[in-house]
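Notes follow the structure.
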Protein chains: 2
Amino acid sequence: MPVTIHDVAQRAQVSASTVSRALSASHLVRGTTRDRVLAAAKELGYQPNPAARSLITGRTGNIGIVVPDLNNPFYTGVLRGVQARARQSGYAVFFADGEEDPAAEEALVRAMARQVDGVVVCAPFASDAQLRSLAAVTSLTLLNRRLRDIPAALMDSAGGMRQVVDHLAALGHHRCAYLNGPNNAWSNRERRRGLRAAAARAQLSVVEFGPFEPKFEGGVQAADLALADGVTAIIAYNDLMALGVLSRLADRGVAVPQEMSVVGFDNLLYAAVCAPPLTTVAMPMEAGGRAAVDLLLSGIDGAGDGAGSHRELTTNLIVRATTAAARSHSVSDDPRPMAGRGSHG
Amino acid sequence: MPVTIHDVAQRAQVSASTVSRALSASHLVRGTTRDRVLAAAKELGYQPNPAARSLITGRTGNIGIVVPDLNNPFYTGVLRGVQARARQSGYAVFFADGEEDPAAEEALVRAMARQVDGVVVCAPFASDAQLRSLAAVTSLTLLNRRLRDIPAALMDSAGGMRQVVDHLAALGHHRCAYLNGPNNAWSNRERRRGLRAAAARAQLSVVEFGPFEPKFEGGVQAADLALADGVTAIIAYNDLMALGVLSRLADRGVAVPQEMSVVGFDNLLYAAVCAPPLTTVAMPMEAGGRAAVDLLLSGIDGAGDGAGSHRELTTNLIVRATTAAARSHSVSDDPRPMAGRGSHG
DNA sequence: CCGGCGCTTGCAAACGTTTGTGGCAGAGAG
DNA sequence: CTCTCTGCCACAAACGTTTGCAAGCGCCGG
């Protein structure tokens, strides 16, 4: 039923191979015949059969992406970037949600392997060994995970954390809490690493909690712990957790930012529009997705040098309304009578 | 390099066709040889080449989905449902973001058409004619768009709106605003239709504004208009807009729900966790995605009767903290000279 | 005038799988 | 014992495309 290359060939009075060449390696056919072929193809609405093409070329024109949790807007951001960049190069994208399960991640990549030219694995939970074994079965690019000999797009979480620390120190904070995300998340390890280094330099003492689920509920849970410790600032692993913290603090009548500063990571839409607007580190989500596809494609089309190429993306602290000067550290002389909910700014 | 069916055949001492049958129509081969083949396939780690298979069968084992805006968590919800249900039946899913552009939607579906067995188009912006022409090129299923002869999963927006109206009427509201989403969105038309019918019955007068962009900013913009009209309740097209309304009302010092009730649609995560938690109509996002794939697959695998099958999903009002009894109606004794936007009868 | 070269094109093989057809063997019936 | 039928399997064609190879042809230089 669908129109094949032979239909076009017949209409253009040439052989199928000429049609094929006219459509791909156009410099191999004479100008006039090429025009004839193109016209015929257009009139018939010819669309090459990707299965047949891929069978012989060994390439599919598809890439895959697997993310840990589609409910987190961070990943939908990189998804947008991935899809836009892929489309720009004529690639279609397979998508799958690993649901934060290493085994599922691996299974999904393996299932995709036969029909894609490569897959970008986003902030994977899988182990190094699992990832390496996956790299053997298809071309791999990582996002926010560093592994020797596997290309990756990396967001500078440590640098973002340094900015956070400088910001808090400048506001006179001396003791803050860090709410850990998942331990096996590279981003969390980077943030912690950056935090420790910068905090030591800035003479900021840090107490860590967690790990917690990197979600709203995790933040709610963590808030009470941090509050009990008497810190003046809370740095959450990501915005979702920070929003949970904000919500819990409001419930407990702790005024933000007067009594407690809060900062998150990611710069989700909701960080900008919640009350009060959240101070956070902007992660380049779409740019990260595009960069990952860049690397993947250059590893596929290109000379294949890219085995060890990593791309770093910068991050920026965005100061909004949840950070302020540390309260003159007299926790005791503040009676704090009010139990109301945090007011809108 | 990858292992083919012939490698398996050689190892199992049978022909390639026997391997093929052993793996698919297993009842056509003797038990002992089948076991031998299966063992050989397993030892070699054989994975059939989907391109070759699809070339001969004409089926791909893939489906596609195109959504209007990946930044809206509503669509990521249905994406999850789609992917889960597809995976359950062994289908992989292509994904694309139409970016609310009818032309892009159509182009994306056409691009997918050759490599999928069907595509679910999510709340499409494309015209009826465009959709029909797409249905000719591949198997189509719609989500939240009703069109004769094209299967669809539909969420009962009108029913949800009826619940909203009953709720507001019971709280003593007499005049409310509806903030329209995009005019060409079926969901918006349904919500408006349900609203008009229910409002007439409940003696609730309604003033409409918009259409607005179905996003946070649209809600911010709309809030001022509704406020100027003196309504006691605002029904937003979706939660994103409702959150924008909430934010703007807070900025303007209007207490919610004491001075103004607000209700949204969708029941996003953020509706539950914002302050105050939003009263909203829960849309079955994942279930909708699953239902759409159900329909699509039954149209593909099944007898193909499904041409006209529509599946309705129920919706439920979730009462939280943004709705309360109407303020003692000062509306009547308040002259309020300002000119509102177009209202209806 | 002839040999060779470059440009253009057709022929045919190949990619890995599914599936229709036919053959062989064994069993059951006459 | 022979005929037929059935179960099991191999052979080969086909799906639509790309690509190596060779052939036709005109042109140029010798």
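Sequence lines set the chain letters: A, B, ... in the order given, protein chains first and strands last, and positions in each chain run from 1. These figures come from a predicted structure and were not determined experimentally.
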So how far is it from B:Asn49 CG to A:Ser54 OG, rounded to the nearest 0.5 Å? 6.0 Å
So for atom CD, which belongs to B:Gln10, do other residues, nucleotides or ligands contribute more than 12 heavy atoms lying within a distance under 6.0 Å? no
Residues pairing under ring-ring contact (aromatic ring centres under 6.0 Å, His included) where one sits in residues 31-83 of chain A, two or more places apart or in two chains, turn out to be none
Just by distance, no angles: are the side chains of A:Thr18 and A:Arg30 close enough, under 3.5 Å, to form a donor-acceptor pair? no
Whether the A:Arg85 and A:Ser89 side chains hold a donor-acceptor pair (N or O, under 3.5 Å, no angle test) is what I'd like checked. yes
Is the shortest side-chain N to carboxylate O distance from A:Arg145 to A:Asp128 below 4.0 Å? yes
Contact list for residues 85-144 of chain B, test ring-ring contact (aromatic ring centres under 6.0 Å, His included), sequence neighbours left out: A:Phe94-B:Phe94
What one-letter contact string describes nucleotides 4-17 of chain D from 5' to 3', where B marks a base within less than 4.0 Å of any protein heavy atom, S marks contact via sugar-phosphate atoms alone, and - marks no contact? ----SSBBB-BBBB
Provide a list of protein-nucleic acid N or O atom pairs under 3.5 angstrom, restricted to nucleotides 25-27 of chain D.
none

Give me each pair satisfying salt bridge (Lys or Arg N to Asp or Glu O under 4.0 Å) with a member in residues 53-67 of chain B, each pair once, sequence neighbours excluded. B:Arg59-B:Asp117, B:Arg59-B:Asp301
Between B:Asp97 and A:Arg87, is there a side-chain N and carboxylate O pair less than 4.0 Å apart? no
Taking every non-hydrogen atom, the tightest pair across B:Gly181 and B:Asn188: N-OD1, 2.9 Å
Compute the angle between the rotation axes at the two ends of the helix from C:dC1-D:dG30 to C:dG30-D:dC1, each taken over five pairs, rounded to 10 degrees. 60°
